[in-house]
Amino acid sequence: MAFFTNLFTNLWARILDNKGKITSTGGFLFGIAATLAFKDLYPDLEHSFRRRIRHLRGRDIPHPAPGHQDYVRLEDHTRRKSLYVPVDEQSARGTLNAESEVIATGIEGLIGDTPLIKLKSLSEAAGCEILVKCEYLNGAGNSPKDRVALSMINHAEEEGLLVPDRGDTIYEGTVGSTGISLAAVCRARGYKAYICMPNDQATEKSDLLLKLGATVERVRPASIVDQDQFVNLARRRAREHTDDPDRPGRGFFADQFENTANYLAHQNSTGPEIYAQTNGRLDVFVAGAGTGGTISGVALALKPLLPEMKVILADPQGSGLYNKIKYGVMFSSTEAEGTRRRHQVDSIVEGIGINRVTRNFEAGMHLIDDAVKVTDQQAMMMARWLVEKEGLFVGASSAVNCVAAASVARQMVKEGKRDARVVTVLCDSGTRHLSKFWKEAGDVGGADAEFTLDEMLKAEK
């Protein structure tokens with residue numbers, strides 16, 4: 001015992017001198033002790049820090065306007081990250097651990113966070129930067145409607161209108177993309193899908209719906225006032241399901257045109273993503289409107305942050321929304337006496353263009369600054385341009401968006417704004433439009449393959 005007492009006394013004497021101050025030897029010994037103690041404590045601190053980050057990740061954090069004194073840019077480098085794996089196995093195992101895993105859950109994990117890319121040839125031809133949000137890379141139904149389908153289902157579940165694996169069926173009237181997204185998400189969430197659609201839409205869409213396990217009812221094109229119009233029919237089928245005591249579960253009418261969960265999906269995800277990807281630097285957002293959810297939702301997300309940003313509607317021929325934005329009157333030239341045809345919207349373009357104001361469009365209509373009308377010929381020329389010069393094979397609505405974006409970009413250059421940045425949306429792949437839009441657009445290449453952007457923008461004006 002005396003040995004340990006003497007040892008402790010000698011050590012303490014080395015740490016403190018006769019005036020009670022720490023000696024150089026004492027400082028060295030104290031440093032060793034502190035290092036050993038922190039070494040044991042560090043894993044607990046690191047674990048607590050990582051747990052806190054995981055807790056915060058995924059929350060909606062408001063984005064203050066650029067230039068605000070409290071503006072802080074938050075970045076998450078864990079999504080869509082490529083991992084460098086060393087050649088030897090031992091080194092590889094050393095670089096990976098459970099904390100570094102980034103694994104999404106189910107098909108819902110494939111929705112959102114789509115890339116934003118610059119169209120090189122179109123930007124060069126237009127004279128300023130044109131960026132496109134690649135919504136066709138959403139991984140459920142491969143369109144922006146993936147966000148909408150998931151949002152509508154989530155809201156319905158929160159309100160108790162849908163219960164997984166109860167036998168519930170989701171009914172929707174759609175020209176294709178929303179139905180495809182619903183069919184995919186329904187299967188993952190424990191529901192069935194019943195889709196009503198016009199029989200003049202591209203057959204690839206109904207074929208894909210059947211392969212996804214949906215029930216498809218194709219009907220003749222009709223005005224919204226007709227009770228057998230595809231949207232009204234879907235509403236009636238949902239009610240018939242719910243009223244039938246012999247059928248399991250209940251019928252839920254998704255109602256994408258009037259269900260505000262539609263625009264909220266884009267206000268809460270698409271808009272903030274564009275803001276983050278551009279670091280808040282964009283001058284114009286261009287989009288078409290079918291239900292109106294995309295243009296309204298993005299406008300509602302971005303306008304408060306970027307009040308000088310312009311929102312421009314891209315509208316196909318035959319749609320009345322162009323005149324609604326330009327002149328305040330819902331009217332299309334195809335509705336004039338003696339000119340109205342069988343189709344509600346006299347265009348080869350599917351997915352956008354309408355002759356009524358939906359609740360989703362109305363939600364953001366006051367934020368739309370202007371509109372650009374796009375002809376079928378312009379859309380087909382743009383579709384070929386995107387394949388020939390960008391390697392992008394897209395559908396009709398994407399082509400309309402790009403024509404309008406190029407037109408707006410040209411106008412910005414005329415106003416001396418060569419550093420302007422225009423953002424639009426690529427909605428879906430051209431594979432869904434082979435039997436209609438692309439059949440008319442023709443093959444890429446050939447004698448009529450070479451044309452300028454000016455020739456495109458003047459086509460059938």
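The figures that follow rest on heavy atoms only: side chains count, while hydrogens, waters and symmetry mates do not.
The ring pair (Phe, Tyr, Trp, His ring centres under 6.0 Å) search around His241 returns Tyr171, not counting sequence neighbours. Residues passing the salt bridge (charged side-chain N to carboxylate O under 4.0 Å, His left out) test with Glu159: none are found, sequence neighbours excluded. Residues meeting the side-chain hydrogen bond (donor to acceptor under 3.5 Å, both in side chains) test with Glu350, sequence neighbours left out: Lys205, Lys436.
For the pair Asp207 and Arg432, the salt-bridge criterion is not met [side-chain N within less than 4.0 Å of a carboxylate O].
Atom CZ of Arg147 sits about 11.0 Å away from atom OG of Ser181, to the nearest 0.5 Å. From Thr358, atom OG1 reaches atom CG of Asn262 across 7.5 Å, with rounding to the nearest 0.5 Å. To the nearest 0.5 Å, the span separating OG1 on Thr260 from CE on Met152 amounts to 11.0 Å. The structure places CG of Leu110 at 9.0 Å from CG of Asn138, a figure rounded to the nearest 0.5 Å. Rounding to the nearest 0.5 Å places CG of Leu282 at 12.5 Å from CD of Glu308. Leu122 contributes atom CG, which lies 6.5 Å from atom CH2 of Trp385 (distance to the nearest 0.5 angstrom).
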(request) May I have the step-by-step check of side chain to side chain contact (heavy atoms under 4.5 Å, CB included) for Tyr275 and Leu305, ending in yes or no? (result) CA-CA 9 Å; Tyr275 183 87; Leu305 303 174; 3.7 Å; yes
(request) Report the C-alpha distance between Thr431 and Trp438 in whole Å, list the side-chain angles of each, state the deciding distance to 0.1 Å, and finish with yes or no for side chain to side chain donor-acceptor pair (under 3.5 Å). (result) CA-CA 9 Å; Thr431 56; Trp438 270 102; over 6 Å; no
(request) Assess whether side chain to side chain contact (heavy atoms under 4.5 Å, CB included) is satisfied between Glu217 and Arg237, documenting all intermediate values. (result) CA-CA 10 Å; Glu217 186 172 358; Arg237 293 287 186 252; 2.9 Å; yes
(message) Could you go through Ile352 and Asp315, starting from their C-alpha distance and side-chain angles, then the distance that decides it, and tell me whether this counts as side chain to side chain contact (heavy atoms under 4.5 Å, CB included)?
(response) CA-CA 7 Å; Ile352 57 173; Asp315 210 34; 6.0 Å; no
(message) Does Asp283 form a side chain to side chain contact (heavy atoms under 4.5 Å, CB included) with Met309? I'd like the steps, not just the answer.
(response) CA-CA 5 Å; Asp283 301 280; Met309 184 197 74; 5.9 Å; no
(message) Would His433 and Asp428 count as a side chain to side chain donor-acceptor pair (under 3.5 Å) here? Give the steps.
(response) CA-CA 9 Å; His433 302 264; Asp428 62 2; 3.1 Å; yes
(request) Determine, step by step, whether Lys303 and Asp369 satisfy the salt bridge (Lys or Arg N to Asp or Glu O under 4.0 Å) criterion, reporting the C-alpha distance in whole Å, the side-chain angles of both residues, the deciding distance to 0.1 Å, and the verdict. (result) CA-CA 11 Å; Lys303 274 283 195 175; Asp369 299 286; 3.0 Å; yes
(message) Go through it in stages, so that I can follow the logic: the residues are Ser143 and Glu135, the test is side chain to side chain donor-acceptor pair (under 3.5 Å), and I'd like the CA-CA distance, side-chain angles, deciding distance and then a yes or no.
(response) CA-CA 5 Å; Ser143 81; Glu135 285 295 277; over 6 Å; no
(request) Go through the steps to decide whether Asp244 and Arg239 satisfy the test salt bridge (Lys or Arg N to Asp or Glu O under 4.0 Å), and finish with yes or no. (result) CA-CA 9 Å; Asp244 188 346; Arg239 186 169 57 248; over 6 Å; no
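In this structure a side-chain-to-backbone donor-acceptor pair under 3.5 Å is present from Gln256 to Gly173. Side-chain atoms of Glu390 come within 3.5 Å of backbone N or O of Lys120 as a donor-acceptor pair. In terms of modelled atom types and a separation under 3.5 Å, the side chain of Arg384 and the main chain of Asp443 share no donor-acceptor contact. For Ser151 (side chain) and Ala261 (main-chain N/O), a donor-acceptor pair under 3.5 Å exists by modelled atom type. At distances below 3.5 Å, at least one donor-acceptor pair connects side-chain atoms of Asn360 with backbone N or O atoms of Phe257. Judged by distance alone, the side chain of Thr178 and the main-chain N or O of Thr174 form no donor-acceptor pair under 3.5 Å. In this structure, the side chain of Lys133 engages the main chain of Thr114 through a donor-acceptor pair within 3.5 Å. Asn268 places a side-chain N or O within 3.5 Å of a backbone atom of Leu264 that can act as its donor or acceptor partner. A side-chain donor-acceptor contact under 3.5 Å links Thr375 to the backbone of Gln378. Side-chain N or O atoms of Arg187 include one that pairs as donor or acceptor with a backbone N or O of Gly213 at under 3.5 Å.
Considering only heavy atoms from C-beta on, Val286 stays 4.5 Å or farther from Val423 through its side chain. Two residues are said to be in side-chain contact when any heavy atoms from C-beta on lie closer than 4.5 Å; Leu426 and Asn401 fail this criterion. A 4.5 Å side-chain heavy-atom check between Ile354 and Leu321 finds at least one atom pair inside the cut-off. Inter-residue side-chain proximity for Cys402 and Val132 is flagged as met; some heavy-atom pair is nearer than 4.5 Å. Inter-residue side-chain proximity for His266 and Ile295 is flagged as unmet; no heavy-atom pair is nearer than 4.5 Å. Counting heavy atoms from C-beta outward, Ser435 and Glu204 have side chains that approach closer than 4.5 Å. Counting heavy atoms from C-beta outward, Val357 and Met330 have side chains that approach closer than 4.5 Å. Between Arg281 and Glu129, some side-chain heavy-atom pair lies under the 4.5 Å cut-off.
Shown here for Ile195 and Gly179, the closest heavy-atom pair between the two residues is CD1-CA, 3.7 Å. Closest heavy-atom contact between Ala183 and Leu209: CB-CD2, 4.1 Å. A pairwise comparison of heavy atoms in Val349 and Ala379 identifies CG2-CB, 4.4 Å as the closest pair. The minimum heavy-atom distance between Cys186 and Ile170, with the atom names listed, is SG-CD1, 3.4 Å. Scanning all heavy atoms of the two residues, the minimum distance from Val185 to Ala149 falls at CG2-CB, 4.5 Å. What you find for Gly395 and Phe437 is that their closest heavy atoms are C-CE2, 4.4 Å.
Between Arg189 and Asn154, the side chains place a donor N or O and an acceptor N or O closer than 3.5 Å (distance only, hydrogens not considered). Of the N and O atoms on the side chains of Ser347 and Gln317, not one donor lies less than 3.5 Å from an acceptor on the other residue.
Counted within 6.0 Å of CD on Glu124, heavy atoms from surrounding residues, nucleotides or ligands total 12 or fewer; the atom is thus considered open. Within a 6.0 Å sphere centred on NZ of Lys192, heavy atoms belonging to other residues, nucleotides or ligands number 12 at most.
With Asp370 as reference, Lys326 is the one residue of Lys326, Lys324, Lys310 to meet the salt bridge (charged side-chain N to carboxylate O under 4.0 Å, His left out) rule. When each of Arg236, Arg218, Arg235 is tested with Asp228 by the rule salt bridge (charged side-chain N to carboxylate O under 4.0 Å, His left out), just one qualifies, namely Arg236.
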